[in-house]
Amino acid sequence: MDKKELPKTYQPKEVEDKIYKTWEESGFFNPDNLKVKKKAKKFVISMPPPNVTGELHIGHALALTIEDIMTRYHRLKGEITLWLPGVDHAAIATQNVVEKKLAKVGLNKENLGREKFLEKINEHIDTTRPIIESQIRKLGSSCDWSREAYTLDENLSQAVKTMFIKMYRDGLIYRGYRIVNWCPNCGSTLADDEVNYKEELGKFYYIKYNLEDAKPIVVATTRPETKIGDTGVAVHPNDKRYQDLIGKTFTVNLGKIKIQVKIFADKQVDPEFGTGAIGVTPAHSLIDWQWAQKYGLEMKKIIDEKGNMTSEAGPYAGLSVKLARERFVEDLKSFGLLEKVDDYEHNISLCYRCSSIIEPLPSRQWFVAVDKEFAIKNKELVKKYGQNKTTLKKIAKWAVEKNEIEIIPPRFKKNYLTWMDNLYDWCISRQVWFGHQIPVWHCQGCQTVAVSETTPATCPACGSRNLVQDTDTLDTWFSSALWTFSTLGWPIADAQNQKSKTCLANESRRVKNQKDEKEKKSDLERFHPTTVMETGYDILFFWVARMIIASYYALGEKPFETVYLHGLIRDIMGQKMSKSRPETSVNPISVVEKYGADALRLSLIIGTTAGADIKILPEKIAGYAKFINKLYNIGRFIQLQEFVSKQNKIEAKTLADRWLLSRFHNLIESVTKKFDSFQFSAAIEELYEFSWHELADWSVEISKIEKNYELLKNCYLNLLKLLHPFIPFVSETIWQSFEEKKMLIIENWPKAEEKLIDKNSEAQFEIIKNLITEIRNYRSQNKIDWKTTLTLKIHSPKQEKLISQQKEIIEKLAKVELQLSKEKLKSAKIKLKEIEMEI
RNA sequence: GGCCACUUAGCUCAGCUGGUUAGAGCGCUACACUCACAUUGUAGAGGCCGCUGGUUCAAGUCCAGCAGUGGCCACCA
C-alpha cells in the first residue's frame, strides 16, 4: 500500500490549483454529468455577473463563497445542480474606466471614434475577463464553465433585442421628451436610482420679482441661475398674500434679462417654507416639469448637455453653470433684486459612477412604462394572479407580496415594496458607446422610427433606403434584467421549444451515456425558474427588482424562488471599502495566496448573517487557517494508525463510541436543517465546534486508549462531507489522501440515523468529561505538573458503576490512579453532582 | 421628512418561533515542547445582553417609550 504520508502542516498553495483542476476536468460542475436519481430535485443559481471593469474585490469573494456553499451542498444531496457563471459588460462603468486609461496616454473617445474606442474597450476586457475567471476559480467556485455567459454574447444580445422589440410592440417601451437625470461628465442620462444624494451646506437666495401694477413677489431658490429659465411662479391656493396674482402672467426684469412668468396655485406648495412662492423652471426640475404639464407652462432650456448655459440664457450664454450663477447673483445684487442670502443645508444630486453634479434636463429618450397595462399570456399565471391584465409594477409587487418570491432576510420585502410604489417610468437609453445599441432605425428622409432586429432595407413609411441606427445604447441593467433566462438560451431555446420538443441548446453540452429525456429539453425548460438568487442588498432595486419584472413579462414566470441577500463588507472603521482607498480594503486573492481559499471562505462566513454588514479583520482569517490545519491533522493522525481491520466496520463498542456516534448523528441532523434554512454561519460554527472540541479533543484522545480507529475514521470521513461546502479544498485533499475512489465533491450527503442518537450515552459520557475536567482544573490550580500521577478516591454510590467502567479513560486523560470508595470521604476536595473526590 | 436595522465579554460578532448557571473566535492570565498538530495542549479570568417601563410563571429574546449608531427611500423649491 503506497500510502502517501501527508506533510506535517497543511499547505493550501501546494494543492488548491491542482484540486480545482481535477474538479473542473471531472465535469461534475456540469449537471449533465451528475448521476442523479430519477426524481431528483434541481438546484440552480445564476451567478451575479461581476463587471468586466477590473478585478474582483472582497465583496465578490463573499458572494461567490455563499453561492458555492449552496451549490456544493445541493450537489452532495444528489440534486441536479447548476451554478451558471458569467460576466457583465457594465456599459458606462467599463467605458469610464477605459476612458480614464486612455486619458493617461493623451487619448479620448471623440478623436478615436466609436469603432476604435470600442476596440480599446474590448482590449481592456481581454485582459480583465481572464483575470476575473481565474479569480473565481481560485476561490473554489464550482460553477459550470461550459455554460459561462457574457452579456454581450450573441444570444444574450439577441435576448436584449427580442425583449426591446416585444416591449415596444406591447407599448411598454416608448420614446419621450421629458426631464431626465443628465450627467454632464459621463455625457449620458441616468436612471432615477443611479443618482446619489449628498448633503451640502449651500446658499438660499431670495430674489425679488418686480411685477408691473402689483406688489413685488419674492422667490427663494438654491439655484439662482435656473431662474433665467423660469416660466412660472407657484403659490398655495389659500395663501392670502398672493390671491390677486393667481392666473396672471407678468414680465419680470431680472437685471440683464427679462423673463415671463405665469402665476398659478397648487396645493403641493408649502406656504410656510421660504416665501411661499416658488420660481418654476420646467426644463430643469422634475416637479416643475410636472407642473408645467398641468398648468400649461412653457419650457425654456437654458442649460445644455455639457453643463453650459444655452443661447436662451441671453447674456449668460456659453458660461458654465457655476460661473453663470456667480455672474447672475452679482447682477441681481447691483440691480437691487437680491433681497437676502441665507445659509441652507440641502441635498445635491450626484452621478453614482463619477460623482459629478447631475443636471436635470429635457431630452428625447427611451422609457419603459411601468404603469401601462399588458395582457398576461401565461394561463397558469393568470389563474394565480387572478386577472389577465396587469402592469409591470403591479406584477412585480404581487410576486413579493404573495411570497411567490421569498426574500431573505424578510425585512427587505418592505424595502422592495416601497421602492416599487415610488417607481416611475425607467429611462433606458444611454448616450454611451459601449453596450447594446438600441434596435431602432431612424429614417433620414421622413424621420420615421423603425424598430427591428436587423437594419431594415427600406423605411416602412416612405421607402427611403437612408436609415441610420440610433446611436444610443441601453442601460446595462436592461440586459442584466434578463440574466436568469438569457443565460439559459432565451429567446432561441424558447422559439425552438415552440417548434419542436427535441432540440438541444448546445451540442457540446451533450452527455454521452445519458440519452434520456433531459436531452430533449432545453436548458431554459430544465433550469428556469432558477432556485436562488444570491446577491448584495445594495442591488435589490437595480437588479433584483428588474429581473422580477423582466421574467414575469417575458416568460410569465418568476426568475427565482428565493432571493438571499448578503451584507456589505466594511473595513475596520465601518466604512464601505472603496477603490479610492486601497489601503483599507482586503484583496481576496492575496489572502488566498497567504492563507488559502478555505480560510478566506470561513472568515467570510463565520459570524455573519443574511443582510448584515461584515467587518473583516486580518486576524480572523489567520485564525481560521489554524482550524483548517487542525482538521487536516486529525486526518493525518488517523492515517498514521495501524488498523485492525481494513474494512470500515462501524461498531460502537464503548460508551465513548456511542457518545461519538450519537453526537455525530445529532450534528448531521442539525447542520442539514441549518443549510436548508440558509443559516450558514450557524452550520459551520457547529461543525467547527464538533471537529475541534469533540472529535479532536475527546474522540481522538480516547482512540489512543480504546483503539477504535475504524469508527473514528468513519465519522471523520463523513464529517468531511459536511464540511466540504465550506472548505472544499482541504476536505477534498484529505479525502483523496485516504485513497477514496470517488471524489468528495460528488459523495452522498450523510443521513442522520435516529437509532444512533443516544441521549443516555451522551449524558453519561458528559459526566466522565466533567469529571476529567474537574481533576485537570485541580491540577492547574494547585500547579501540579503532568509528570505526577495523582491518587484519586471517589465516592459515588449513584455513578460508581459508570466510573469503574470508564476507569481507564479517566486515569489516562486526567493522569490519576483511581480508587473507588464505598464510604463517604472525609475531606472531599472536589465535588460534582453525586460524586465526591479526594486527592 | 418616511421607513428599516443595530446597540450582548477588551475587539469582531452568534444567539431561529421567549424556558435550566448567556455563547464563539481573537485577545488576555497561568501552566505544559505528553510521540496528529506550537497554525499545539490543559486550565482560567472576563458580560446591570444601551436605558426606562410593560406583558408573562418565565425576557437578551415579545410590546411601548427614550438615547446613540448605521443604512435605505423621498427631496421643500
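Throughout, a chain's letter reflects where its sequence line sits, starting with A, and its residues are numbered from 1.
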- Query: When you compare B:rU34 with B:rU40, how far apart are their P atoms, in angstrom units rounded to a whole number?
  - Reply: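 B:rU34 and B:rU40 have their P atoms separated by 15 Å.
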
- Item | Euclidean distance for C1', B:rC48 against B:rU7 (whole angstrom) |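 To the nearest whole Å, 15 Å.
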
- Query: Counting side-chain heavy atoms from C-beta on, which of B:rA14, B:rA43, B:rU34 comes nearest to A:Ala612?
  - Reply: B:rA14

Please report the distance, rounded to the nearest Å, between [atom1] in [X] and [atom2] in [N].
| X | N | atom1 | atom2 | result |
| --- | --- | --- | --- | --- |
| A:Ile705 | B:rU34 | CD1 | P | 17 Å |
| A:Tyr197 | B:rC76 | OH | P | 8 Å |
| A:Ile702 | B:rU34 | CD1 | P | 21 Å |
| A:Asn415 | B:rG2 | CG | P | 16 Å |
| A:Ile605 | B:rA14 | CD1 | P | 13 Å |
| A:Glu619 | B:rG10 | CD | C1' | 13 Å |
| A:Gln679 | B:rC16 | CD | C1' | 5 Å |
| A:Met420 | B:rC3 | CE | P | 21 Å |

- Message: For A:Glu225, is there an ion pair with A:Lys227 - N to carboxylate O distance below 4.0 angstrom?
- Response: no

- Looking at A:Trp426, does the NZ or CZ of A:Arg178 lie under 6.0 angstrom from its six-membered ring centre and within 45 degrees of the ring axis?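 No - A:Arg178 does not lie over the ring of A:Trp426 by the 6.0 Å and 45° rule.
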
Partner nucleotide, any strand, of [N] [Watson-Crick/G-U, under 3.5 Å]:
| N | result |
| --- | --- |
| B:rC3 | B:rG71 |
| B:rC26 | B:rG10 |
| B:rA64 | B:rU52 |
| B:rC35 | none |

- Item | Other residues, nucleotides, ligands: >12 heavy atoms within 6.0 Å of A:Glu689 CD | yes

- When you check the phosphate oxygens OP1 and OP2 of B:rA36, does a side-chain N or O of A:Lys630 lie under 4.0 Å from one of them?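 No, outside the criterion.
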
- Short side-chain N/O contact to B:rA5 OP1/OP2 from A:Arg411, under 4.0 Å: no

- Taking for each residue the nucleotide of RNA chain B with the nearest heavy atom, is it A:Tyr688 or A:Lys783 whose nucleotide lies nearer the 5' end?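 First, find each residue's nearest nucleotide; the 5'-ward one identifies A:Tyr688.
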
- Message: For A:Asp697 and A:Thr609, find the nucleotide of RNA chain B closest to each by heavy atoms; which residue's nucleotide sits nearer the 5' end?
- Response: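 The residue whose closest nucleotide sits nearer the 5' end is A:Thr609.
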
- Query: Between A:Phe678 and A:Tyr564, what is the ring plane arrangement, given parallel below 30°, perpendicular above 60°, and tilted in between?
  - Reply: parallel

- Task: Indicate the ring-plane relationship of A:Tyr344 and A:Phe204, choosing parallel, tilted or perpendicular according to the 30° and 60° boundaries.
- Result: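 Rings of A:Tyr344 and A:Phe204: parallel, under 30°.
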
I'd like to know if [X] reaches the base of [N] with its side chain such that a donor and an acceptor end up less than 3.5 angstrom apart.
| X | N | answer |
| --- | --- | --- |
| A:Asn629 | B:rC37 | no |
| A:Lys414 | B:rC3 | no |
| A:Glu701 | B:rA36 | yes |

- Within-4.5 Å side-chain heavy-atom neighbours: A:Ile259 and A:Thr231: no

